[in-house]
Amino acid sequence: MSGTGATDEQDSRSILDDQRVPTSRRRRFVSCFKIRLKAILMFLLPKKIAAFFEPKRDVVKIESAIKSAILIQRWYRLHRASLELRKRYTWTIFQRIEYSSEHHQIQVYNFYRCLLNNIPIVKQLAETRVENASIDLLNMKMWNDAEAQIRADKKYKGIHVNFPMRKADLHNLIQHFNDRKKPKLHACYVAKILIEAVFHLRKLPNINVLHMNVSQEFTVCGDIHGQLDDLLLILQKNGLPSQENPYIFNGDFVDRGKCGLEVLLILLSCLLVFPEGMYLNRGNHEDLAVNERYGFYAEVELKYRRHNSNLFKLFEELYRWLPLATVIDDRIFVAHGGISDRTELGIIRNANRSRFDSILRPSEMSQEDMSEEDKKIFNDEWTQVRDLLWSDPASTDGCAANKIRGAGTFFGADVTEEFLLQNDFDLLIRSHECKADGFEITHRNKLITIFSASNYYSVGSNRGAYLKIFGSDLKYKVVQFNASRAKRLTFRERIDVVEASAIRELYRHIEINRTKLLVAFNKFDPDNDGVISLKDWCSCMEKTTGLSLPWRLLREKLVTQDERSEMILYNSTFSKYKYSLSNNGEGVMDILYDNKVRLQKIFRIIDKDNAGYICLEKLLDACNAINERLPNAVSTGDLDAFFNLMDTNKDGGIDLNEFLETFRIANAGSSTKGELPEVVGHVDLDQVDIVESPYSDEVEI
Amino acid sequence: MDEDEEEIIVPINNDLEKKIAETFDIFDHSGMRTVDAREVGTIVRALGCCPTEAEVQELVLQMEDANNPGSIHLINFLPVIAKVISEHKFEPESPAKLLEAFHILDPDGHGYITKEHMSTIITQDGEPFTQDELDEMLEIAIDPHSQTIPYEYYINQLMHEPEGEDNIYVLGDRIEGEKPPPPPPPKRFSQIFAEMQSQL
């Protein structure tokens, strides 16, 4: 519908109307006279006289030029808004999938931990918990022996690291990791760096304190997420950390990217070599529970098959001792997630941060012999830690539970201001959320989000950035970067590329839920025509995938719609899916982890009579056993729903695959019942082709 | 902390309101059904309306809530925009009018406008562009060889003629048509009296 027919109305936009006409009589007379005179003269002496009258025409010309400009500007802004819309919902797709996985993970992980911690035999079998931080448990002797052997061995072509680490060692390490063709660093050096780092971190307070008197500037970096290229780019552009050039790395060093280990080792080495130049804050991904799902666990298992269980003990120890926040010059507060309206630095400063091996579900949670008083202290501290590492800022005032992530809060500008006021701070810096420009300044300039992993969701999705703060008045400047070597795209091209990537992720997510979706669709299609209404389709998609997305807007990309009846042919939801096996782990959503051994053990325990499947009764028995040791840990009301969730083919029993599928893993290629969807993103470690150095972990321990 | 914060339930009665709400929600970061007031222009345009910046400001004034400045809730946004659409306000001009506008800026009829000329006009006249908007526009508008803007080609790039109910005004018309007719106005006593008389 264009503007035709609207020219008479007041909102008419025709630029050629409403030329102002002089209204007074005298003026009208004069203008009439002028017109007639002009006409006569034009007839007699066209060009010269015409030139005489030019100025007036110019005024009209300018007016209509301005009106043209306005029209062009309006049109452009209309076009730009439709691009912006696509950009936003693309972002929403990525975020919703990411956070719903996190949320789902939290729910499921709670159940899982409950089983692990409370079924006595399982507890023994499980290898994760580290009771006390003692040197024996860190196995210092074992690693030292391994090192001695490696040093003597001529076949090892990797580098050797000397302790205590010096600048040369740090340079060596960075060079080594930069060159991907070099052989792997031996596990004993990985372990020793971790151990040294733990010793160092234990001495640090819960909240790092940084003063600017020595250095006149410092740099704050956000999430790196295993993207080694980004870290190396930052260090190259901004220099290595030192007393004159201090850095704060604000959490989330690992998970998702493929080089979490290298990133972590470089950061820890910097910490060891330049203790005055490196400050690390813990992020929500510095948590084994989260690593199990988001890639770091799998990465370490892949790289150090023989030693991974020992290394994981060290990671857990490392995570416990990472500081929770940093304060700069008593004026700037830096934490990974954010704050809440109940954040009290007093509690945080006095807390025993090492009790939080995992922040999602710390093992201490299940101790029954805690006094009421101790329980209260524990809960207070746990809440503080969760708020610091999981919260997100909101655009509305107030403070609410963060339902999207499942932990932490949404805090408004008023909460930020109150917090800064109470603690006499000027600025709050945090990370935790990916931003298209790599940073965002909100809450009336009192809050900065800084994110340092460029191209996080896909190539072209976002820039990375780091913050430089300098001077005694704490001015700041943001430096953006892009570690991708992709060619420079226009704005619209970038949107196309990133949107395509988001839709691919969405297809994957849909495919994972295929069986459940078909069941849902069938409910609305009793005659089995293969069609349902748009409204029903949207509601099925949202409820089954659990993703709150603009499904109506997205329907064109996801499904076929009959032109006349406008009904949705729902089977086409799946035909659009093209999963190419060659897409090996490029997307951030690739959930590579393999915890099946552990879960298999749990399954076998619950399946007492070895029938091969778990019926509701057996599950109930298992949960009752938990409830005996930890009252009301699992309510039977939830259990029904949980059981139905796990029993995807609705045959009344949960077999091993369904059990594992609930925890987002499955035995690739050994699906016992053909209807189960192929779980995408799983890597069967035995089948992966790894180029290993001739010297792999052959040392016998 | 408010564990039980009041979530304002917004009634959605028809497809038009659904579409408006869905687009609105895409710009909502917090999940509380509010958006930053500075994004109202983008949301309204993303729906398919074409107001000027001044008109956007007027809309914002209508939707604002004194208790929450700078933030617009869906419950205020929805009725204002539904009305705009049913009244056919801010409908985009036809591409023909856009072409006319370019012709005015190119009186000699070259078929293109130079980069400098366009930059000057667009950043100084009318409702000026910011440097970012200018850079983005030039990205697609400029022909890299001649460094000018061949406007007819550019108009094709901007073309945005949604069909059927993808056009929000068409959808609005359908919804208006589906509404029940308003009840007849209450009769005045004189009318009732007259009727009674005529029946006698």
* To do: Indicate yes or no: does Glu55(B) engage Arg74(A) in a salt bridge with an N to O separation below 4.0 Å.
  => no
* Structure fact -> Value for CG (Asp15(B)) from NZ (Lys535(A)), rounded to nearest 0.5 Å, stands at 9.0 Å
* State, yes or no, whether a side-chain contact exists between Tyr76(A) and Ile122(B) at a heavy-atom distance under 4.5 Å. => no
* Asked: Are more than 12 heavy atoms from other residues, nucleotides or ligands located less than 6.0 Å from atom NZ of Lys115(B)?
  -> no
* Asked: Quick one: CG on Asp25(B) to CG on Leu549(A), what's the gap to the nearest 0.5 Å?
  -> 11.0 Å
* Rounded to the nearest 0.5 Å, what's the gap from CZ on Phe90(B) to CG on Leu78(A)? Could you check? => 13.0 Å
* To do: Write down the atom of Gly126(B), the atom of Ile70(A), and the distance for their closest heavy-atom approach.
  => CA-CG1, 3.5 Å
* Find out whether Lys18(B) and Arg552(A) are in side-chain contact, i.e. whether some heavy atom of one side chain is under 4.5 Å from a heavy atom of the other. => yes
* How many angstroms lie between CD1 in Ile26(B) and NZ in Lys87(A), if you round to the nearest 0.5 Å? -> 13.5 Å
* Do Met137(B) and Ile72(A) pass the side-chain contact (heavy atoms from CB on, under 4.5 Å) test, and can you show the C-alpha distance, the side-chain angles, and the key distance before you say yes or no? -> CA-CA 11 Å; Met137(B) 180 203 206; Ile72(A) 295 171; 4.1 Å; yes
* To do: Might you point out which heavy atoms bring Trp75(A) and Cys50(B) nearest each other, and give the distance in Å?
  => N-SG, 4.3 Å
* To do: Please examine the side chains of Arg77(A) and Glu127(B), heavy atoms only from C-beta on, and report whether any two atoms are closer than 4.5 Å.
  => yes
* Is there side-chain contact between Arg80(A) and Glu133(B), with at least one heavy-atom pair below 4.5 Å? -> no
* Tell me, for Arg86(A) versus chain B, whether the close heavy atoms (under 4.5 Å) come from the side chain, the backbone, both or neither. => neither
* Structure fact -> Turns out that what part of Thr42(B) lies under 4.5 Å from chain A's heavy atoms comes down to both
* Asked: What pair of heavy atoms forms the shortest contact from Thr396(A) to Ser71(B), and how long is it?
  -> CG2-OG, 3.8 Å
* Engaged part of Tyr154(B) at the chain A interface, taking heavy atoms whose separation is under 4.5 Å -> side chain
* **Glu100(B)/Lys67(A) under salt bridge (Lys or Arg N to Asp or Glu O under 4.0 Å): CA gap, chis, key distance, verdict** => CA-CA 11 Å; Glu100(B) 220 177 88; Lys67(A) 292 197 176 79; over 6 Å; no
* Structure fact -> Output for pair (Leu105(B) CG, Ser64(A) OG), nearest 0.5 Å, gives 8.5 Å
* Asked: Looking only at heavy atoms, what is the nearest atom pair of Ala101(B) and Leu71(A), with distance?
  -> CB-CD2, 3.7 Å
* Roughly how far, to the nearest 0.5 Å, is OG of Ser82(A) from CG of Leu47(B)? -> 11.5 Å
* Could you check if a side-chain atom of Ser395(A) sits within less than 4.5 angstrom of a side-chain atom of Asp36(B), using non-hydrogen atoms only? => no
